[in-house]
Amino acid sequence: MVKDTGKASSSGYIRSLNQPIDVSVKIDETGSPLVIKLRGRWLKVESVDDRWRIDDEWWRDEPVSRNYFSCVVDEGIKVAVFQNLGTKQWYRQRM
Amino acid sequence: MHVACVLIDHLPFKLEVRRDPGLRKRRAIIVQRHGSRRIVLDASPSAHSVFPGMSLQEALACCKDAVPIEADSASYEQEFSTILLRLGDRSPVVESAGLGYAYVGLDGLQDTYGSEEKLIELLLQAVPPYLGTQIGVSEGKFPAYLAALSAGPGRAHKPTQRLTEYVAPWSVDVLPIEWEIKTRLHSFGLNTLGQVAERSIGPIQAQFGKVGARIWHLAQGIDDTPLIPQRVEEEMKESLTFAAPIVEVTALFVAVDNLLGRIFARIEMRGRYSRMASLEATVYNKPTWQRRVIFKTPVGDRSQALFVIKASLEGVAMPGPLEDISLTLGELTGESGQHESLFRDVRQRQRLGQAISQLKVSQGRNPIYQIREVEPWSRIPERRVALVTYDP
C-alpha cells in the first residue's frame, strides 16, 4: 500500500522534456544509419562518432531497450538517433 | 535682523544688452513661453508701461516699437546663481528671492570684516559692475528692499531715520502682494504706506484678512520674516565645445558618454551616486537648450547613467545645431554605497506570486512553467528534466 503523504492534490502540470521524435533512417548491413531524413531532406551520414545501448526499466510492460548512434551528417551537423529494439522504430533525441 | 537686499533691476535685459550691445538704443521686451502663451519676463527700463507677467500682445500694444526677444532663462539663472555663490562667500546666509533679488544676512559679520561698510563694499564687488546692482541695508527684508530701490546703480543705501518714517512716503505698489490687493488699497484711498500705517491694524485685517496684518506691519517698517538660506548643493559639472556644431542625436550621446566618463573618473565621485543629471547646450542662434533627467534609482556608474539619459532623450527633437554641451550630475548621495533590501529575494517572490495569481485568474490556469531536474542521473534522456508549473 502507498502511504498517504497528506499533501493536497495539485492541478500542477509536469511534462518530461526532450521526448524522442520519430525519424526515418536507412541503415547498412551492420545496422548503422546510412541516411537520415531531417526536415523532409535525406541527409547522408558522414560518420558515426559513437554508439551505445541502453537497457532499463525491465520491470515495466514496455522495457527500455535502445541502440543509440551519434552521427555527423552533411555540413558537420551532429545528430543523435536511436532504434527502439522492441518496436524497431527509429527516433531522434538531443543529447 | 540686519539684512542687505541685493537688487539687480532688469537683470535679463542687462544680460541681453551684454550679448547684443545694439539693444541699448532700442526698446526690447523679453518674453518667456508658458505653453502656448508668451509672457513678458522683463523689458528695457525705457518701456515704462510694460510689466513682467503681461502677455506679449498687451506689451506690444503698450509699446509698439519694442523688439520681442525670446528669454534665455537658463543663462539668466546660471548668471544669477554665480552671483549668489559669490555672495555666499561673503555671508553664510543668502536667500534668493527671485531672479535679480537676494537677501544677505549681516548679523555677526562686522567683527569678521572690520566694519559694515567694508562688508557692503565686498557685496557690491560680488556683482559685475555692468549689472549696476543696488544694495539696501536695514532691519528686516522689506525695509532693506526699499533701501535698495533708493540706492543708485552700483551704490548702497542705509536709511538713517526711523523705519516708520522711512517707509511712509512709499507707494503701496512696492508691497510684495498681489496686484488686485494693491488696486483695492488704492480704491480705499490708501495710496502710500504712511496712509496704511495711520490706520489701526483691525480694519485693515478685517478687510484683507491675514494679508492685511502683513500689509500693516510692513507699512510700519516691520518685517520679521526669517531669511531662508539657499541650500548649497554639491554638483559635478563637465563641459565640452564641439569643433563644429552637431545636429545628430547620436553625436550628442557620444559627447554625453565622454562627459559622464570624465565625471565618474573624478576621485570625489568614487562610490557615490547621483539622482539627477542636467544637460545644457548652447544652440546656434537660439536660447540655451536645457534638459533635466531624474534617475529613479541613484546611478553610480557611467553606463547606467548613459542608459537612462539615452532613454529619456529618445524621440526628443534636437533644438538646432549644438555648439557646446555641459553635463551636471546633482543630488549626490553622501554615502559611499547604496542600500540594498535585506529581503529583496522575498519581495521579488511576493511580486512574482501576485503577478502569477492575476494570470491564473485571467487565463484560467497558471501559464508560467519552469524546467526542473527530475532524474539528472538517468541514462534515459527524457527522464532527466521536466517542465513543471511555477508556483513561487
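To find a chain, count down the sequence lines: A is the first, B the second, and so on, and within it residues start at 1.
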Residue selection (most heavy-atom pairs with chain B, distance under 4.5 Å) from Met95(A), Glu57(A), Gln19(A):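 With the most close heavy-atom pairs to chain B, the winner is Glu57(A).
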
Interface moiety of Val374(B) toward chain A, non-hydrogen atoms closer than 4.5 Å: neither

Residue part contacting chain A, namely of Arg365(B), when any heavy atom lies under 4.5 Å: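 Contact with chain A involves no heavy atom of Arg365(B) at all.
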
Lys/Arg N to Asp/Glu carboxylate O, Asp257(B) vs Arg302(B), below 4.0 Å: yes

Phe307(B), CZ atom: more than 12 neighbouring heavy atoms under 6.0 Å: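 Result for CZ/Phe307(B): open.
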
Heavy-atom neighbours of Ile27(A) CD1 exceed 12 at 6.0 Å: yes

Part of Tyr68(A) lying under 4.5 Å from any heavy atom of chain B: side chain

Side chain, backbone, both or neither of Arg94(A) within contact of chain B (heavy atoms, under 4.5 Å):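 The backbone, not the side chain.
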
Sequence neighbours excluded and cut-off under 3.5 Å, please list the side-chain donor-acceptor pairs for residues 274-283 of chain B, or say none.
from, atom 1, to, atom 2, distance (Å)
Ser274(B), OG, Met276(B), N, 3.3
Ser274(B), OG, Met276(B), O, 3.1
Ser274(B), OG, Gly330(B), O, 2.9
Glu280(B), OE1, Gln290(B), NE2, 3.0
Thr282(B), OG1, Asp324(B), OD1, 2.9
Thr282(B), OG1, Asp324(B), OD2, 3.1

Most chain A-contacting option - heavy-atom pairs closer than 4.5 Å, from Arg383(B), Arg384(B), Arg379(B): Arg379(B)

N/O donor to acceptor pairs below 3.5 angstrom from side-chain atoms of residues 32-49 of chain A, sequence neighbours left out:
from, atom 1, to, atom 2, distance (Å)
Ser32(A), OG, Arg51(A), NH1, 3.3
Ser47(A), OG, Asp49(A), OD1, 3.3

